[in-house]
Amino acid sequence: MNFITKLLGFILLLSASISSAQSGNITMAGNVPPRGDTAENNRLLSALNELLNLTDKPYKDNPYILKADLPETAVLLDEFNDIGKSNKYKDAHFYKGYLTNQVHLNDSDCILQISYIGVNEGIPLTRACFTLLAKKRNNQYYFRSPLLQNTCTWETKKIGNVILHFKKDYNKKNAAKYFNMVDAYDKKLEFMDKSTEFYCCDNYHEVLQLIGVDYKSDYTSIVKNSLSSAENDLNLVVNGYLTSEFTEFDPHDLWHARLHKV
């Protein structure tokens, strides 16, 4: 074998190794029984991996997300960014993804649970656990966040260009004050007038649970925070600061947040 042949072989091997390392493929956990035939299970797992391998691209171009599901699914998929990386162990692929549960509700709908786990000196370390919904349509699987399913019993109220989602009731006076201030700031900043879906959560833990993040070590002990997306000309905000009382906002903080489009 001459030098050029050896070099080409090495480059191909290195390329395959890098591709494999970057893919972060989800594998089936050993205690999860397959459902149906092997080919169908492989099709589902392959679609899931393709979905996650494309998270560095615009979500609107991801062929495994239906457009109607894009805003809430974008919020969840943001949480997968660099999910395998460990700064402590200086390894970009320390945490491996495992499909730990699949619940097939019928022939087309399925609930998937995914865990990212790394091992150090024989001790398993969990980075995150997620829940995704899968739907089969025309022999292709599509995925979405469980946000809409988890809030299907919530009440809604239209306030200007905002659809407010809340459990039972909300502080009407404080909510009007808050959204009027947001609207005034956005006009000053000349932001495009978009519709907003705004979910009132009690705390950040509830935010995470609603969108499909069952656990993430990055957020340990965090009480208040919010997540958002801007897809389909729609702002989606899952708010874990204000609760339905809208009492914990400062005009200066709100201005800073709008200035940075948060």
Side-chain angles (χ1 to χ4, degrees), residues 3 6-32 42 44-59 61-62 64-65 72-102 112-132 134 143 145-146 203-230 238 240-241 257 260-262:
F3 172 78
K6 288 182 179 180
L7 179 61
L8 286 174
F10 173 77
I11 292 173
L12 288 173
L13 181 62
L14 179 62
S15 175
S17 174
I18 293 174
S19 174
S20 175
Q22 289 178 339
S23 68
N25 280 343
I26 304 293
T27 57
M28 186 82 74
N31 62 336
V32 178
N42 290 340
L44 173 60
L45 197 58
S46 176
L48 175 62
N49 280 312
E50 287 299 320
L51 167 84
L52 298 177
N53 288 338
L54 294 171
T55 54
D56 60 337
K57 310 294 183 183
Y59 295 136
D61 298 330
N62 195 312
Y64 297 93
I65 309 173
E72 66 270 19
T73 305
V75 174
L76 175 57
L77 290 182
D78 280 347
E79 298 303 314
F80 283 84
N81 291 337
D82 290 327
I83 196 64
K85 184 178 181 180
S86 171
N87 292 324
K88 180 178 180 179
Y89 298 108
K90 297 179 175 57
D91 186 347
H93 309 285
F94 178 78
Y95 297 98
K96 313 300 181 186
Y98 300 93
L99 181 62
T100 54
N101 190 22
Q102 54 176 336
L112 304 177
Q113 291 179 295
I114 304 164
S115 295
Y116 283 84
I117 302 170
V119 178
N120 179 56
E121 297 181 352
I123 299 175
L125 304 170
T126 302
R127 171 79 188 277
C129 301
F130 300 102
T131 295
L132 272 167
F143 303 89
S145 160
N203 48 58
Y204 193 49
H205 178 76
E206 184 175 41
V207 170
L208 296 171
Q209 296 294 298
L210 291 177
I211 69 166
V213 180
D214 303 316
Y215 168 77
K216 194 171 182 181
S217 59
D218 307 50
Y219 301 135
T220 300
S221 301
I222 294 179
V223 178
K224 294 191 177 294
N225 200 2
S226 294
L227 296 175
S228 63
S229 72
V238 191
Y241 273 116
H260 292 84
K261 298 184 180 181
V262 176

If you measure from [atom1] on [X] to [atom2] on [Y], what distance do you get to the nearest 0.5 Å?
X    : Y    : atom1 : atom2 : value
I114 : Q102 : CD1   : CD    : 11.0 Å
D56  : L54  : CG    : CG    : 7.0 Å
C129 : L208 : SG    : CG    : 12.0 Å
T131 : L210 : OG1   : CG    : 11.5 Å
E50  : T55  : CD    : OG1   : 11.5 Å
I83  : S217 : CD1   : OG    : 7.0 Å

Heavy-atom check, side chain of [X] versus side chain of [Y], under 4.5 Å:
X    : Y    : answer
T73  : N62  : no
V213 : L227 : no
L112 : L44  : yes
L51  : L77  : yes
D218 : R127 : yes

Residues that D61 engages under salt bridge (Lys or Arg N to Asp or Glu O under 4.0 Å), provided they are two or more places apart:
none
Residue pair [X] / [Y]: nearest heavy atoms and the distance that separates them:
X    : Y    : answer
L45  : M28  : CD2-N, 4.2 Å
L76  : I211 : CD2-O, 3.5 Å
G118 : Y95  : N-CD2, 3.4 Å
S229 : A74  : CB-CB, 4.0 Å

According to salt bridge (Lys or Arg N to Asp or Glu O under 4.0 Å), does anything in residues 72-93 pair up with another residue at least two apart or in another chain? List the pairs.
E79-K216
List the residues meeting ring pair (Phe, Tyr, Trp, His ring centres under 6.0 Å) with [X], not counting sequence neighbours, and say none if there are none.
X    : result
F143 : none
F94  : Y89
F80  : F130
Y98  : none

Please confirm whether the backbone N or O of I117 pairs with a side-chain atom of T126, one donor and one acceptor, at under 3.5 Å?
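Answer holds: no.
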Going by side chain to side chain donor-acceptor pair (under 3.5 Å), name the residues that satisfy it together with [X], two or more places apart in sequence or in a different chain.
X    : answer
Y215 : none
N101 : Q113
T100 : none
N203 : none

